[in-house]
Amino acid sequence: MDLENQARIKELCEKYGNTELVILLGGAEAEASGLAAETVSSGDPTYAGPLAGVSLGLLAYHIVEVKDEIDPAVYEDQIAMMEMVLDVDAIIQEVATYRG
């Protein structure tokens with residue numbers, strides 16, 4: 001997760017609180033998605049950004065986990081093609097690690 005997005009998320013969390021925000025990820029790899037989930041829940045493990053040492057306690061989900069919450073036409077148009085090439089199970093398992 002880049003430093004600019006970390007700063008935005010931190011500002012939003014300060015403004016709205018961590019119970020009012022959910023992070024929706026779209027990374028193509030399990031490891032990258034897990035790193036982003038860890039960053040918004042426990043803090044930036046690389047200690048490189050605004051969330052270094054900052055535990056926001058936010059919940060993060062990958063877009064494929066909330067498929068049933070998205071208009072099917074929108075999902076088909078924007079996400080379905082990528083879903084076919086992703087290791088969906090590995091991504092979901094990795095991201096879920098940081099919610100439990």
Side-chain angles (χ1 to χ4, degrees):
M1 175 177 295
D2 68 34
L3 305 181
E4 187 176 315
N5 283 337
Q6 284 190 35
R8 284 186 197 147
I9 291 168
K10 185 178 180 186
E11 289 172 19
L12 290 169
C13 193
E14 289 168 353
K15 183 175 181 178
Y16 297 106
N18 68 350
T19 60
E20 298 297 321
L21 297 175
V22 173
I23 304 300
L24 193 57
L25 305 169
E29 297 175 354
E31 186 176 337
S33 297
L35 183 61
E38 181 179 11
T39 298
V40 299
S41 65
S42 304
D44 185 353
T46 67
Y47 291 95
L51 295 179
V54 178
S55 177
L56 297 178
L58 294 172
L59 295 177
Y61 294 86
H62 194 276
I63 190 72
V64 297
E65 292 183 272
V66 296
K67 179 178 183 176
D68 294 339
E69 304 300 321
I70 300 171
D71 179 307
V74 172
Y75 194 90
E76 181 66 31
D77 185 50
Q78 299 293 320
I79 302 161
M81 188 68 83
M82 279 304 297
E83 183 182 16
M84 291 189 297
V85 298
L86 297 176
D87 186 346
V88 172
D89 293 335
I91 291 171
I92 291 172
Q93 182 178 8
E94 182 68 22
V95 172
T97 300
Y98 299 99
R99 289 194 308 266

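- A distance of 11.5 Å separates CD1 in Ile92 from OG1 in Thr97, rounded to the nearest 0.5 Å.
- Summarising the geometry, atom CD belonging to Glu38 is positioned 11.5 Å from atom CG belonging to Leu51; distances are rounded to the nearest 0.5 Å.
- Taking both residues in full, the closest heavy atoms of Ala52 and Ala48 are given as CB-N, 4.2 Å, listed atom of the first, atom of the second, then distance.
- Here the closest heavy-atom approach between residue Thr39 and residue Pro45 is recorded as OG1-CD, 3.5 Å.
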So Tyr98 and Leu35, side-chain contact (heavy atoms from CB on, under 4.5 Å) or not? Walk me through it. CA-CA 9 Å; Tyr98 299 99; Leu35 183 61; over 6 Å; no
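- Linking Ile, Leu, Val, Met, Phe, Trp and Tyr residues whenever their side-chain heavy atoms come within less than 4.5 Å places Val22 and Tyr16 in a single cluster.
- The cluster map of Ile, Leu, Val, Met, Phe, Trp and Tyr, joined by side-chain heavy atoms under 4.5 Å apart, puts Ile9 and Val66 in the same cluster.
- Closest approach of Leu56 and Val40 over heavy atoms only: CB-O, 3.4 Å.
- Residue Leu25 comes nearest to Ala36 through the heavy atom pair CD2-CB, 3.7 Å, listed as atom of the first residue, atom of the second, then distance.
- Under a hydrophobic-cluster definition in which Ile, Leu, Val, Met, Phe, Trp and Tyr are linked whenever side-chain heavy atoms come within less than 4.5 Å, directly or via other members, Val74 and Leu86 are assigned to the same cluster.
- Within the 3.5 Å criterion, the main-chain N or O of Ala30 finds no donor-acceptor partner in the side chain of Ser33.
- Within 6.0 Å of atom CD in Glu83, more than 12 heavy atoms from other residues, nucleotides or ligands are found, so the atom counts as buried in its surroundings.
- Atoms CG and CG, on Leu24 and Leu59 in that order, are 12.0 Å from each other to the nearest 0.5 Å.
- At least one side-chain heavy atom of Gln6 sits less than 4.5 Å from a side-chain heavy atom of Pro50.
- Side-chain atoms of Ser55 come within 3.5 Å of backbone atoms of Ser41 as a donor-acceptor pair (strictly under, hydrogens ignored).
- Looking at Ile63 and Ile70, their side chains come closer than 4.5 Å, going by heavy atoms from C-beta outward.
- If you take CG on Asn18 and CG on Leu12, they are separated by 12.5 Å, rounding to the nearest 0.5 Å.
- The line from CE of Met1 to CG of Asp44 is 9.0 Å long, rounded to the nearest 0.5 Å.
- For the pair Ile91 and Glu29, the tightest heavy-atom approach, listed with the atom from each and the gap, is CG1-C, 4.0 Å.
- Between the side chain of Glu65 and the backbone N or O of His62 there is at least one donor-acceptor pair closer than 3.5 Å.
- When every heavy atom of Gly34 is checked against every heavy atom of Glu94, the shortest pair comes out as CA-CG, 3.5 Å.
- With hydrophobic clusters built from ILVMFWY side chains whose heavy atoms lie under 4.5 angstrom apart, Ile79 shares a cluster with Val85.
- Distance CG/Leu3 to NZ/Lys10: 12.0 Å, rounded to 0.5 Å.
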